[in-house]
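Per chain, numbering begins at 1; letters A, B, ... match sequence-line order.
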Amino acid sequence: MLDSKSKTTLRRNLLRWFDANQRDLPWRENRTPYRIWVSEIMLQQTQVATVVNYYRRFLERFPTVKELAAAEQSEVLKLWEGLGYYRRARQMHAAAIEVVEQHDGQFPTDFDSVLALPGIGRYTAGAILSISLDQKLPILEGNTIRLYARLLGMKSDPRTSANQKILWEFAESILPSQRAGDFNQALMELGSEVCKPKTWQCAACPIQNICPTFVKGLQAEIPAKGRKITYEDLYEAALLVSRRRGGQQRWLVRVCGPEERWTGLWDFPRYQIDHRQSAATIADSLQETLADRTGLKAELTVVGKPMRHAVTKYRIRLSCFEASSIKGRLKKQATETRWCAIEELRQLPMSVTGRKIVNRFLG
DNA sequence: AAACCGGGGAG
DNA sequence: CTCCCAGGTTT
């Protein structure tokens with residue numbers, strides 16, 4: 001732990017640094033709880049640069065929590081398309097409805113009520129209330145975990161629950177009595193822009209003189225590494241099945257269900273394949289699968305090169321097969337299925353690979 | 001405690 | 001390629 005003199009230095013130097021160096025970001029313009037909430041949800045596991053334009057579009061369409069609550073979930077997901085972790089969008093929409101129904105359309109301002117909303121944990125509740133209302137609440141997230149681990153010279157893995165407890169207590173102990181929101185943002189900004197994982201810039205750090213990791217040159221050792229993820233290869237085929245109806249070509253798409261990835265988003269029918277077989281053999285096997293699952297019969301031919309895509313622990317290689325001369329009638333499906341023209345496909349929220357298929361082969 | 005949930009950017 | 005990102009929820 002830092003002594004009280006070092007904490008005073010930390011508060012003063014950090015706030016001064018933030019006043020001079022903070023970035024111009026859209027959610028810093030008008031700090032209402034709703035606007036900070038949207039930014040914090042979007043920023044979960046997502047870099048600032050990626051979020052900025054999504055944030056602008058989202059706030060333009062949903063300026064207040066009431067408009068968000070009144071929207072269809074599909075429209076919320078459409079604005080989220082490409083951001084990933086789509087549960088965030090579904091939970092935020094559900095939370096907006098809760099705010100309208102249980103808090104009279106006013107975003108709650110006490111910690112426990114905020115924490116009770118879906119998709120909001122201790123970090124997000126503290127961030128929203130400290131940044132928008134200057135409540136004296138601590139935060140702990142990716143940037144500050146790294147920053148605190150270095151500031152405390154913590155050599156063991158900061159992600160263990162025992163160390164998390166220590167770091168939360170540290171976060172609470174350094175809060176200033178004024179400007180807690182700016183202070184929290186300053187901590188994250190410093191972690192993100194200066195106290196970086198591999199390319200640390202200690203020369204530009206306003207608190208290097210109180211940092212044992214800088215003094216001892218241990219930046220490469222602290223924070224300790226977690227265990228690395230190993231990807232498993234997954235081979236899949238997407239089926240581009242189309243037929244003419246009403247004078248235009250329509251493609252078969254389906255919405256992903258609650259038990260699978262991309263819940264609420266649309267995608268082309270996808271099946272796992274055996275990549276060791278020839279394209280023709282795979283096409284035959286897919287033809288049977290298609291007939292079995294949908295009742296449709298079609299000749300399938302591979303188009304283009306496989307698309308690669310990493311999700312969580314899988315590296316997916318997605319081959320696309322185009323169908324010709326469709327016969328049969330579409331079965332009633334457990335999951336919702338539609339024949340969509342190109343304009344409809346553009347308006348539907350789709351998985352990223354689904355969207356890429358539309359742009360590459362149907363666009 | 002570990003798995004799950006996505007996608008993009010940086011190096 | 002690998003690592004990481006203004007995490008939360010479920011198992």
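Between B:dG9 and A:Thr50, no contact under 4.0 Å exists linking OP1 or OP2 to a side-chain N or O. Here A:Trp262 reaches the OP1 or OP2 of B:dG7: one of its side-chain N or O atoms lies under 4.0 Å away.
Among the atoms of the strands shown, only primed sugar atoms or phosphate atoms (P, OP1, OP2) are found under 4.0 Å from some heavy atom of A:Lys313. Among the heavy atoms of the strands lying under 4.0 Å from A:Arg308 are primed sugar atoms or P, OP1, OP2 only; no base atom is included. Counting non-hydrogen atoms under 4.0 angstrom, A:Ile120 reaches the backbone sugars and phosphates but no base. Using a 4.0 Å heavy-atom cutoff across all strands shown, A:Trp80 reaches no nucleic acid atom at all. Heavy atoms of A:Glu141 sit under 4.0 angstrom from primed sugar atoms or phosphate atoms, though from no base atom. Using a 4.0 Å heavy-atom criterion, one finds that A:Arg146 contacts the sugar-phosphate atoms exclusively. Residue A:Thr160 is classed as having no contact, given no heavy-atom separation below 4.0 Å to the nucleic acid.
Side chains of A:Ser173 and A:Lys7: a donor on one and an acceptor on the other come within 3.5 Å.
Looking at A:Glu29 and A:Asp24, their side chains never come closer than 4.5 Å, going by heavy atoms from C-beta outward.
Between A:Glu81 and A:Arg355 there is a salt bridge, with a side-chain nitrogen of the basic residue lying less than 4.0 Å from a carboxylate oxygen of the acidic one.
Remark: P of C:dC5 and CD1 of A:Ile139 are 13 Å apart, rounded to the nearest angstrom. Atom pair A:Arg88:CZ and C:dG8:P shows a separation of 11 Å (rounding to whole Å applied). Summarising the geometry, the separation between CG on A:Asp267 and P on B:dG6 is reported as 12 Å, rounded to the nearest angstrom.
Both A:Gln91 and A:Ser39 sit near DNA chain C, but only A:Ser39 has its closest nucleotide nearer the 5' end.
Remark: A:Arg254 is not positioned above the aromatic ring of A:Trp266, lacking an NZ or CZ atom under 6.0 angstrom from the ring centre and at most 45 degrees off the axis.
If you take atom C1' in C:dG8 and the same atom in B:dG9, they sit 23 Å apart, rounded to whole Å.
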